[in-house]
Amino acid sequence: QIKKFSEGEQLGQENKHIFLRRLRQPENNDIFIILLSGDEPAGLPAHELLFLSEGWQLKQGNLPIHACGVQHLDQLFVFTGPSGAGKSTIAEVSRELGDLVIDEDRILVRPRVEGGYTADGWGYGFVPCEAPLRAIFHLIQDTKDKLIPISPMQITQRMLERQGDF
């Protein structure tokens, strides 16, 4: 059974762990997202809902990726890498320096009207960003700090390798 909820309407005491979030989009294409608090209620396929919502985003021309996004000096920097590589550490240090952390786990890369790309938070929060994407870094834990340039094809391959890490 599907029930239409008005914005701000509560779902009822019996569903106290379920919240509905509305993201306003142009041309009445608003996105409604189910947010869970605490334990996942029995019978609600949260993983499947995430998979379907990310498939819908791909169809809209957006790219959900497992990455940290940081806005620094009006430019967006993206940090990808496997779990434990340092994405959350980058987010923590960036916050301490006063930068805007778009998200530390999942972002939604999308085209900008002005050209190029940007990203919105898509994991722990829904933080919008209009700053242009400046660089993508693939993090690897090592004993030495270094930057190694890699091709766009290599960064694409590394980002897509991590997509199953929800």
Side-chain angles (χ1 to χ4, degrees), residues 19 21-26 29-38 40 45-166:
F19 302 91
R21 176 145 187 174
R22 179 180 189 178
L23 300 177
R24 294 199 180 275
Q25 300 291 309
N29 290 322
D30 292 356
I31 303 170
F32 292 88
I33 299 172
I34 297 173
L35 302 175
L36 305 176
S37 173
E40 179 180 324
H47 185 77
E48 289 83 355
L49 288 171
L50 178 61
F51 183 78
L52 289 172
S53 68
E54 291 198 349
W56 183 83
Q57 286 293 349
L58 287 168
K59 190 173 179 180
Q60 302 303 310
N62 303 318
L63 179 63
I65 60 172
H66 181 207
C68 168
V70 176
Q71 183 177 328
H72 174 73
L73 299 176
D74 295 325
Q75 296 183 350
L76 178 63
F77 296 86
V78 171
F79 301 88
T80 70
S83 295
K87 296 182 297 295
S88 295
T89 302
I90 292 282
E92 182 181 339
V93 170
S94 297
R95 272 191 202 96
E96 289 173 3
L97 294 173
D99 292 330
L100 174 63
V101 175
I102 306 304
D103 201 285
E104 64 183 63
D105 187 58
R106 296 195 69 72
I107 61 171
L108 187 64
V109 178
R110 61 180 175 77
R112 296 178 69 222
V113 174
E114 305 86 357
Y117 295 90
T118 189
D120 296 328
W122 185 243
Y124 294 123
F126 300 99
V127 178
C129 178
E130 290 299 327
L133 177 59
R134 170 61 193 244
I136 300 173
F137 296 91
H138 182 72
L139 302 175
I140 300 173
Q141 283 193 347
D142 199 342
T143 57
K144 297 180 183 177
D145 294 333
K146 56 188 166 193
L147 283 175
I148 302 171
I150 60 176
S151 71
M153 180 62 83
Q154 290 170 312
I155 194 66
T156 302
Q157 178 184 6
R158 284 171 174 84
M159 284 190 312
L160 295 178
E161 286 172 352
R162 309 288 359 141
Q163 286 312 95
D165 298 347
F166 289 110

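- Rounding to the nearest 0.5 angstrom, the gap separating the CG atom in Leu58 from the CG atom in Leu63 is 6.0 Å.
- When all heavy atoms of Val101 and Ala91 are compared, the pair lying nearest together is CG2-O, 3.4 Å.
- In this view, Val127 and Leu100, Ile102 satisfy the side-chain contact (heavy atoms from CB on, under 4.5 Å) rule, not counting sequence neighbours.
- Proximity of Thr118 to Arg110: side-chain heavy atoms (C-beta onward) are separated by under 4.5 Å at one or more points.
- Lys87 places no side-chain N or O within donor-acceptor distance of the main-chain N or O of Asp105, the cut-off being under 3.5 Å.
- Heavy-atom minimum distance, His138 versus Gly81: CE1-CA, 3.7 Å.
- With values rounded to the nearest 0.5 angstrom, Ile107 atom CD1 is found 7.5 Å from Leu133 atom CG.
- Distance check: Glu92 CD to Arg95 CZ gives 8.0 Å after rounding to the nearest 0.5 Å.
- Counting all heavy atoms, side chain and backbone alike, Arg112 lies closest to Pro132 at NH1-CB, 3.4 Å.
- In this structure, the separation between CD on Gln57 and CG on Leu108 is 4.5 Å, given to the nearest 0.5 Å.
- Counting heavy atoms from C-beta outward, Leu139 and Thr89 have side chains that stay 4.5 Å or more apart.
- Considering NZ of Lys146 and CD1 of Ile140, their distance stands at 8.5 Å, rounded to 0.5 Å.
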Expected list for residues 67-77: side-chain donor-acceptor pairs under 3.5 angstrom, two or more places apart:
| residue | atom | partner | partner atom | Å |
| --- | --- | --- | --- | --- |
| His72 | ND1 | Asp99 | OD1 | 2.9 |
| His72 | ND1 | Asp99 | OD2 | 3.1 |

Apply side chain to side chain contact (heavy atoms under 4.5 Å, CB included) to Ser94 and Glu104, showing your working. CA-CA 10 Å; Ser94 297; Glu104 64 183 63; over 6 Å; no

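- Considering only residues two or more places apart in sequence or on other chains, Phe137 meets the ring pair (Phe, Tyr, Trp, His ring centres under 6.0 Å) condition with Phe79.
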